[in-house]
Every structure is written in structure tokens, then in C-alpha cells.
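First listed ligand is number 1; within each ligand, the first listed atom is number 1.
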Amino acid sequence: MSVATPIFKYGVMKMSQHLDADSAAFAAMDRQSVLHPFVRLDEYARGMSPDPLVVDRADGLWVYDAKGRKILDAFSALYCVNVGYGRQRIVDAMAEQGARLPYYHVFAGATHSPAAQLAEKLIELTGGRMSKVFFGSSGSDANETQIKLAWYVNNVAGRPQKKKIISRERGYHGGTIMTSSLTGLPAYHQGFDLIKDVVRRTVAPDMFWSGFDDPAAFVRHCVADLEAIIAREGADTIAAFIAEPMIGAGGMVPPPPGYWQAIQQVLRRHDILLILDEVVTAFGRLGEWFGGDLWGIEPDLVTLAKGLTSGYAPLSAVLIGPRVWEALEAGGPKLGAFGHGYTYTAHPTCAAAGLANIAIIEEEDLLANARDVAPYLQAGLVDRLAGHPLVGEIRAQGLALAVEFTAEGSPRRHLAKDLKFAGRVFARAVENGLFARTMPHGDIIGLAPAISLTRGEADLIVERLGKAIDEAAATLSPSERRAA
Ligand SMILES: Cc1ncc(COP(=O)(O)O)c(C=O)c1O
């Protein structure tokens with residue numbers, strides 16, 4: 001068993017037998033020096049919250065912490081390690097590329113084979129529906145590019161007023177200024193100044209809390225809300241609609257039947273571009289290369305990241321459809337060179353990781369595996385948890401799943417917020433050797449295991465999550481279970 005040698009402050013630390021003791025040292029060092037995303041900064045820095053989990057290594061779906069605990073990662077880290085950990089082929093591809101050409105840019109007149117090959121491969125995977133690929137390093141910067149593209153093409157077309165972007169409540173699109181403004185989750189807005197003048201938000205297609213029982217009526221409600229925004233603002237002021245095929249960070253919610261057909265009709269009628277944020281849903285998460293294909297979505301622009309390299313290297317991509325490409329081309333004579341790009345656009349080592357990752361998905365037919373094992377996992381969860389007094393809804397699309405908790409005796413009433421029930425389930429799950437994820441909206445536990453998941457691992461997820469929920473439920477008093 002090989003263990004990466006950790007670098008310690010004043011030299012090189014020794015090996016794994018020391019990691020248990022040293023994990024406390026790393027934790028202390030971390031509290032002293034690292035500013036973490038999504039952590040109560042004061043409590044963490046002052047040692048008032050539990051020690052962080054020091055992750056040491058991983059293989060397949062299994063993560064090992066510095067204390068030597070072996071934990072089944074049912075969320076693929078941040079739903080990105082789609083092919084699982086320990087893929088030597090990706091590591092070798094990066095090492096070979098790094099040795100040959102670790103970095104070169106693709107600005108003005110330069111390119112390299114990984115950029116060209118990966119772009120061609122991505123277009124092939126869309127069946128030729130998309131025309132061009134622009135690379136970045138993260139989902140956030142790719143979505144930032146999307147907005148710039150939507151504005152650019154309207155400027156080129158002589159429609160400088162057509163600039164607003166409609167996003168959805170509970171959508172998540174990133175952490176940059178524009179993409180966090182587009183994000184419809186208040187947890188990501190606290191304390192930051194958002195861009196308000198060009199962002200409008202429409203309802204989330206989550207029927208569970210909507211008060212609707214009939215999906216067709218609920219879809220009409222979603223469409224009416226979108227139509228009302230367009231009527232109020234004027235279609236000539238709206239450039240694009242950005243959405244995930246299914247809600248991800250907002251609670252793993254698949255859309256109701258007919259939603260996307262109806263929404264797309266509205267967008268086409270008003271000449272509004274559709275930016276499909278497939279950062280979570282592509283590369284097999286929903287059993288397809290692109291999750292949008294499940295609902296017949298025909299986007300103008302697509303955002304990819306995460307599963308593009310299975311998280312082995314930071315890489316994102318914007319896929320540009322023919323309509324937008326035509327408009328971008330028309331910008332040449334008017335505006336000259338396209339003035340947008342990042343130092344690490346099409347980074348060769350990251351692109352090499354992307355190519356190896358896609359080759360693994362193809363050669364091992366992991367899309368078929370995801371399609372096979374997903375219903376098995378879903379059925380296992382339903383068998384174990386349906387009827388549990390604190391489980392309000394179990395929902396899933398492919399290998400994106402969620403369990404939403406509600407008060408006992410009423411599936412449509414929240415548990416008191418300060419009980420942080422999903423957080424209790426998360427903590428118990430870790431103790432039982434399982435990583436799930438508390439989603440930032442509501443009392444929701446999300447699951448998104450690697451698409452190489454086996455049935456045996458699916459059984460373990462069900463068993464460990466079920467146990468964690470029972471144990472967390474036992475920490476509530478009868479009145480806490482029932483009270484909203
Ligand atoms: C749908 C979606 N879009 C964009 C992003 C942002 O990606 P990144 O964190 O790589 O910037 C995420 C991240 O979780 C996401 O889920």
C-alpha cells in the first residue's frame with residue numbers, strides 16, 4: 001500500500017503509521033492557516049467546532065482518513081469523482097503530458113494536441129449538435145464565460161439592451177460575483193453584494209413544497225411565472241435563461257414531466273438563449289453523457305466541469321451551439337479579436353486528464369453501469385426508508401439521489417431548523433463509514449456515488465445511511481420529532 005508523503009511545516013513527515021497522531025497536528029495547522037469554504041469561520045479558527053476530517057488517500061469509492069478509517073464516499077467528493085479514485089490511467093496521462101508539455105497557453109495563434117483532441121471529442125459526444133468548445137478551470141468561470149458570451153452576441157447583433165439573465169430559485173451556478181448572483185440559494189448570498197440589475201429569478205421546479213399535487217398544473221404554474229417575468233421585463237431585455245437539467249445543490253430535484261418542453265417553448269418564442277448548466281449532471285451522473293438528453297433539452301450553450309476530469313484536474317468547458325457560434329463569428333469583422341480567455345484555458349495537463357477520463361467511461365461502459373445500478377440503489381433506499389416517520393421524500397434521477405426529512409406525522413412540515421437534522425444524519429453516517437452530503441437548502445441528505453458503483457457498494461450505502469438516520473432520529477425527543 002503506497003501512501004503519499006505529506007509535507008510538514010519544517011520538513012517531510014514520515015509515513016502512514018504516524019498519520020493518526022499527525023492528523024491532530026494537521027488539524028491544528030489547518031485551523032491556524034486555512035480559510036475554508038462553507039465553514040463558520042470564528043468557531044473553526046477558535047477550535048469551537050469539531051476537528052476537520054484529514055483525508056489521506058482514496059481508492060475506488062473508498063476514502064481513507066489520516067486516522068486510518070475507511071469511509072465509503074457516496075458523494076464522489078463534491079459529486080465530481082465520477083470514475084472513482086485511484087485511476088492510474090488518468091494519473092499516467094497527466095504525468096506523461098506534464099513531462100512533455102506541462103503548460104502552454106492557447107492564446108492568439110497557439111494550441112496543443114490535448115486541447116484540440118478534447119474539444120473534438122466533446123463535440124463528438126454531443127453528436128455534432130454543438131460547434132465549438134471554450135475551456136476554463138472551474139464550473140464558476142465557465143458560467144461566467146456563458147454570461148459574457150450571451151452579452152457579446154447581443155452586442156454584436158445590435159441589441160445592447162438584451163442583457164438580463166433569468167435563473168431559478170435553488171439553482172446553483174458558482175461562487176464568482178455573477179454566478180453567485182445567479183445562484184438561487186440564500187446561503188450563498190449572506191454578506192456579499194450581489195449583481196441585481198441584470199438577474200431575475202423564477203420558481204424552482206420542486207413540486208414537493210409547492211402545494212401542487214398535479215404535475216401538469218405545477219408545470220403550468222412554473223411556465224406562468226417565467227412568462228410573467230418576461231412580460232414584466234420585456235423579452236427584448238432578456239438575453240438568457242440559465243438552469244441545471246435537474247436541481248443539484250438545491251436538493252437533487254428532477255423536473256416534473258413536461259417541464260422542459262414547456263419552458264423551452266417559451267424561451268424559443270421570446271428568442272432567449274438557453275444555458276444548460278451540466279456541471280453536475282454530465283458524464284454519466286444521470287446515466288447519459290449529458291443529463292439534458294433525458295428531457296429532450298436542446299440548449300444553445302452547455303457548461304461542463306466536475307465529471308469532465310472526474311475531479312483529477314481542474315477543468316471546465318463551455319459548449320457553444322451553432323446559433324451562438326454564428327453570432328460570435330459575426331463579431332470578428334465588427335469587434336476584432338475575441339477578448340476573453342484565462343491563463344489556464346485548455347491547460348494541457350488537465351485536458352489530458354479529461355481525455356483519459358472519457359476513455360475510461362467509454363471502455364468500461366460506465367454509462368451502462370450507472371443505468372443498471374441506479375435503479376437498484378434507488379429501490380434499496382425506498383425499501384429501507386419509505387415509511388420512516390422522518391422521511392418526507394426520497395427522490396432520484398440516475399445516480400443523483402436525495403432523502404428529504406420532515407416532521408413526524410406530516411410529510412409536508414419541516415423539522416425545526418435549529419435541530420439541524422440532516423447534519424446529525426451526516427455525522428452519524430461518517431461514524432458508520434459513509435460520506436453523504438447535507439444539501440444547503442432544507443433538511444436534505446444527498447447521494448451521488450461514482451458511476452462505477454457496484455451493487456455491493458449500493459447495498460452498503462443503503463445499510464449505512466439507514467442506520468445513520470435511525471441513530472440521528474434517536475437523538476430527538478418525541479416533541480422535537482413532531483414540532484415544526
Ligand atoms: C450546477 C453547478 N454549476 C456550477 C458549479 C460551480 O463549479 P465550481 O465549484 O467548479 O466553480 C457547481 C458546483 O458545485 C454546480 O453544481
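Using a 4.0 Å cut-off to heavy atoms of E244, the atoms of ligand 1 that qualify are 1 (C). If you number the atoms of ligand 1 from 1 as listed, the ones under 4.0 Å from a heavy atom of G174 come out as 6 (C). Using a 4.0 Å cut-off to heavy atoms of S138, the atoms of ligand 1 that qualify are 10 (O), 11 (O). Taking every non-hydrogen atom of V280 and a distance limit under 4.0 Å, the qualifying atoms of ligand 1 come out as 16 (O). Close contacts of ligand 1 with N143, meaning ligand atoms under 4.0 Å from a residue heavy atom, involve 3 (N), 4 (C). Close contacts between ligand 1 and S140 involve ligand atoms 6 (C), 7 (O), 8 (P), 11 (O) [criterion: under 4.0 Å to a heavy atom].
In this structure, R168 does not pair ionically with D225, as no charged nitrogen and carboxylate oxygen lie closer than 4.0 Å.
Among all non-hydrogen protein atoms, the one lying nearest atom 15 (C) of ligand 1 is Y172 CD2, 3.5 Å. Annotation: atom 3 (N) of ligand 1 to nearest protein heavy atom, D277 OD2, 2.7 Å. The protein non-hydrogen atom at the shortest distance from atom 10 (O) of ligand 1 is G139 N, 2.9 Å.
Both tests pass for R31 against the ring of Y44: distance under 6.0 Å to the centre and angle within 45° of the axis.
Between D141 and ligand 1, not a single N/O pair is under 3.5 Å apart.
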Let's go through R424 and F405 carefully: what are the C-alpha distance in whole Å and the side-chain angles of both, what is the deciding distance for side chain to side chain contact (heavy atoms under 4.5 Å, CB included) to 0.1 Å, and is it a yes or a no? CA-CA 12 Å; R424 295 184 195 213; F405 304 107; over 6 Å; no
Step-by-step side chain to side chain donor-acceptor pair (under 3.5 Å) determination, T343 to Y103: CA-CA 10 Å; T343 298; Y103 172 70; 5.3 Å; no
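Evaluation of the ring-ring contact (aromatic ring centres under 6.0 Å, His included) rule for F290 yields no partner, not counting sequence neighbours. The salt bridge (Lys or Arg N to Asp or Glu O under 4.0 Å) test applied to R40 returns D42, E43, not counting sequence neighbours.
Remark: distances from the non-hydrogen atoms of E278 to ligand 1 are all 4.0 Å or more.
The distance between the ring centers of F134 and H340 falls below 6.0 angstrom. Taking the ring centroids of Y342 and F135, they lie at or beyond the 6.0 Å cut-off.
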